[in-house]
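To start, the structure under review is shown below, and the notes come after it.
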Amino acid sequence: MKTPELFDEKNRDLTKEEILEKVKSLVGKQMIDIYETNDFNKKASFGYAIEEGAFNYQRNSKSEADFRNENIELKVTPYKRNKNGSFSSKERLVLNIINYMEEYKKTFEESSLWAKNQTLLILFYEHVQNISRENFMINYAILHQFTENDLRIIKNDWKTIIDKIKAGKAHEISEGDTFYLGACTKGANSDTLRQQPFSPILAKQRAFSLKTTYMTQIVKELTSRTKKTDSLFDYIDLIDDSIEESIIKKISFYYGYSVKALMELFDVNSNAKNKLEMIVNRILGIKRNLSDTPEFTKANIKVKTIRVNSNNRIKESMSFPAFKYEEIVKETWEESKTRALFESTKFLFIVFREKNGEFYLDDVMFWNMPVNLIDNNVKKVWDRTVEIVKNGNIVAGYKDNGDRKTNFPSTKFDSVCHVRPHGQNAKDVYSLPTIDKVTGSNVYTKHCFWLNNSFILKVINKHHENIS
DNA sequence: GCATGATCATGC
DNA sequence: GCATGATCATGC
């Protein structure tokens, strides 16, 4: 095991060529190789082993980049293979901790973020289930510099975060606020709190980070040598450096057009089921789906088309991927998939309103769920759901037609969300951690969290009032 | 008429 | 075959 006096800080002054030379020798190496050839503690993280072992400088939390002469910051991060064979990033990439008391005084160019993270040397290793971490292998290394378009979006994201600090709302920062650059919680636990300059309320300690979805896009580019996906920027110009403004401006030009007129105008096949989304794609001039553009993938934006009936109601609530019963009972709320889903997703709502029997394009808005709703309403529903599953208490009884009635929290339980089936049919099931008391079965129909239609209506009506 | 259980349809 | 966005169907 290395002791500090053996480190040589001069290694932080290596030239770019020397750094890349060394990195080349690391690609294809397993953790165990790096531990052994560098006499390094096997319990250490891959990142530490590379910094202290392979590069022989002491790990630090300095505000300058690791390789200070070249201004290159070293990162080691995992990716994984999905069930369908594709690859995605396992985690967000954490950059530097945000000092709420200082960061707001700076311009982006002077920011701690930019000072340290202009150029990232990212080493990717594959995280594989059921193999010992010592055998994880570095498979890719890239010197990442932000493209001009990425940078414009990241600057805008940085400003969004800073604006929240300036408004005395550092405690309300959420990853869903921004597109590529997030502010994720970072500390010994989620209770690590810090002062903020414009409010007495202590805020969770957070770090700038590149969202998991942003990292996934990089992983996809590395792992697939084939097609490049449509870039949104091949079709639209960024206005005021913001995805948000650009898309709203382009779509809002067609406010008041009927679905029928838009379908004729953009030559959309009338039989298509997802015709509303197709219309939006055509308005933006995108060949495939808006949600498949790298920008929307990187920013984790879900596109949802919403129809408001003439009686000012939305017929359907909004569904999400089904949760796994066995998983959800093992999670804590803070670490749960459900919390992550609502915190990190940004929505693009495209609203069509019915008038005289026909739907008209009416509004476009980006939205993400405020943190207080996530940690109060959604948590309440989640807690109740977990309790029911844990106790084998899902089924409450049967209706006359044989349909089962459940104890899952309904729309009456909470104003924001509820739990309902979401599968191919009642036989589409996931296994239960506890046998259900009524059915005696160890499986149950897949369910998911749904946003209440009444809640969605409130969100879009409020937006409608604010702009008109 | 709505809430809730169930299911469809598409794409990978 | 399954995940996911979207919608149907009917008992209360």
Side-chain angles (χ1 to χ4, degrees), chain A residues 81-88 213 216 220 223-224 226-227 229 259 268-281 287-292 296-297 300-325 327 337-338 341-342 345 347-352 354 359 381 384-385 388 394-431 436 438-439 441 443-457:
Chain A
R81 184 190 292 265
N82 302 318
K83 272 191 201 143
N84 65 9
S86 67
F87 293 93
S88 56
T213 42
T216 289
K220 285 201 190 309
T223 51
S224 78
T226 49
K227 53 161 192 192
T229 35
V259 170
V268 172
N269 172 3
S270 62
N271 293 324
K273 277 230 90 175
N274 58 339
K275 60 183 178 190
L276 297 187
E277 192 183 0
M278 285 178 65
I279 290 172
V280 174
N281 292 334
K287 288 182 206 117
R288 300 197 197 94
N289 276 330
L290 181 56
S291 22
D292 294 336
F296 270 50
T297 314
N300 196 19
I301 301 171
K302 276 191 201 288
V303 181
K304 298 276 190 181
T305 53
I306 297 167
R307 293 187 301 179
V308 183
N309 295 338
S310 48
N311 62 359
N312 196 26
R313 281 187 47 87
I314 299 174
K315 188 147 172 271
E316 305 294 346
S317 295
M318 194 176 279
S319 65
F320 292 90
F323 56 80
K324 293 201 171 77
Y325 301 111
E327 252 176 32
K337 273 196 177 170
T338 306
L341 170 75
F342 287 111
T345 306
F347 294 89
L348 173 60
F349 291 152
I350 297 159
V351 183
F352 293 83
E354 189 183 23
F359 284 94
V381 174
R384 176 88 182 116
T385 303
I388 286 165
I394 295 177
V395 177
Y398 296 89
K399 293 201 259 183
D400 291 348
N401 65 355
D403 281 359
R404 298 160 299 184
K405 286 191 281 190
T406 77
N407 290 311
F408 282 128
S410 70
T411 47
K412 288 192 209 73
F413 183 82
D414 183 74
S415 60
V416 172
C417 62
H418 64 278
V419 171
R420 252 181 44 230
H422 188 200
Q424 303 190 49
N425 53 46
K427 292 194 186 73
D428 191 11
V429 296
Y430 278 135
S431 26
D436 190 81
V438 171
T439 65
S441 172
V443 297
Y444 202 73
T445 308
K446 291 176 185 173
H447 275 56
C448 77
F449 291 85
W450 296 69
L451 289 187
N452 297 353
N453 49 1
S454 54
F455 173 71
I456 300 165
L457 187 69

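Here is the naming used below: chain letters follow the sequence lines, and residue numbers restart at 1 for every chain. Owing to the predicted nature of the structure, the values given are computational and were not obtained by experimental measurement.
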Ignoring hydrogens and geometry beyond distance, is the side chain of [X] in donor-acceptor contact with the base of [N] at under 3.5 Å?
X	N	result
A:Ser319	C:dA6	yes
A:Glu316	C:dC8	yes
A:Arg404	B:dG5	no

Distance, rounded to the nearest Å, where [X] contributes [atom1] and [N] contributes [atom2]:
X	N	atom1	atom2	answer
A:Leu451	C:dG5	CG	P	12 Å
A:Ile394	B:dT4	CD1	P	17 Å
A:Asp400	B:dT4	CG	C1'	15 Å
A:Lys304	C:dT7	NZ	P	11 Å
A:Arg420	B:dA6	CZ	C1'	9 Å
A:Phe413	B:dC2	CZ	P	23 Å
A:Lys427	B:dT7	NZ	P	7 Å
A:Lys220	B:dC12	NZ	P	12 Å

Closest contact, heavy atoms only, [X] versus [Y]:
X	Y	answer
A:Asn312	A:Leu457	O-CD2, 3.2 Å
A:Val395	A:Val438	O-CG2, 3.2 Å
A:Asn453	A:Lys315	ND2-O, 3.2 Å

(message) Please check: side-chain N/O of A:Asn425 versus main-chain N/O of A:Lys427, any donor-acceptor pairing under 3.5 Å?
(response)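 Yes; judged by distance alone, with no hydrogens or angles, the pair exists.
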Just to be sure I understand the rule, does [X] reach a base, reach only the sugar-phosphate, or reach nothing, if contact means heavy atoms closer than 4.0 Å?
X	answer
A:Pro321	sugar-phosphate
A:His422	base
A:Thr411	sugar-phosphate
A:Asn401	sugar-phosphate
A:Thr445	nothing

(request) Select one nucleotide: of B:dA6, C:dG5, C:dA3, the one nearest the side-chain heavy atoms of A:Lys302. (result)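 Out of B:dA6, C:dG5, C:dA3, the nucleotide with an atom closest to A:Lys302's side chain is C:dG5.
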(message) Under 4.0 Å from OP1 or OP2 of C:dC8: is there any side-chain N or O of A:Lys315 that close?
(response)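 Indeed, a polar side-chain atom of A:Lys315 lies that close.
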(message) Looking at B:dA3, I'd like to know if its phosphate oxygens (OP1 or OP2) sit under 4.0 Å from a side-chain N or O belonging to A:Ser317.
(response)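 So the side chain of A:Ser317 is outside the cut-off, no N or O lying under 4.0 Å from OP1 or OP2 of B:dA3.
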(message) I want to confirm an ordering. Mapping A:Tyr398 and A:Gln424 to their closest nucleotides on DNA chain C, which one lands closer to the 5' end?
(response)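 Its nearest nucleotide being more 5', the pick is A:Gln424.
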(request) Assign each of A:Lys324 and A:Lys399 to its nearest nucleotide of DNA chain C by heavy atoms, then name whichever residue's nucleotide is nearer the 5' end. (result)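 Looking at DNA chain C, the more 5' nearest nucleotide goes with A:Lys324.
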(message) Is it the case that the ring center of A:Phe449 lies less than 6.0 angstrom away from the ring center of A:Phe342?
(response)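 No, too far apart.
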(message) Check whether A:Phe359 forms a cation-pi arrangement with A:Arg307 (NZ or CZ under 6.0 Å from the six-membered ring centre, at most 45° off the ring normal).
(response)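 Satisfied, under 6.0 Å and within 45°.
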(request) For A:His418 and for A:Asn425, locate the closest nucleotide of DNA chain B by heavy-atom distance; then report the residue assigned to the nucleotide nearer the 5' terminus. (result)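 It is A:His418, whose closest nucleotide lies nearer the 5' terminus.
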(message) Need to verify one output field. Residue with the more 5' nearest nucleotide on DNA chain B, A:His447 or A:Arg313?
(response)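 The residue whose closest nucleotide sits nearer the 5' end is A:Arg313.
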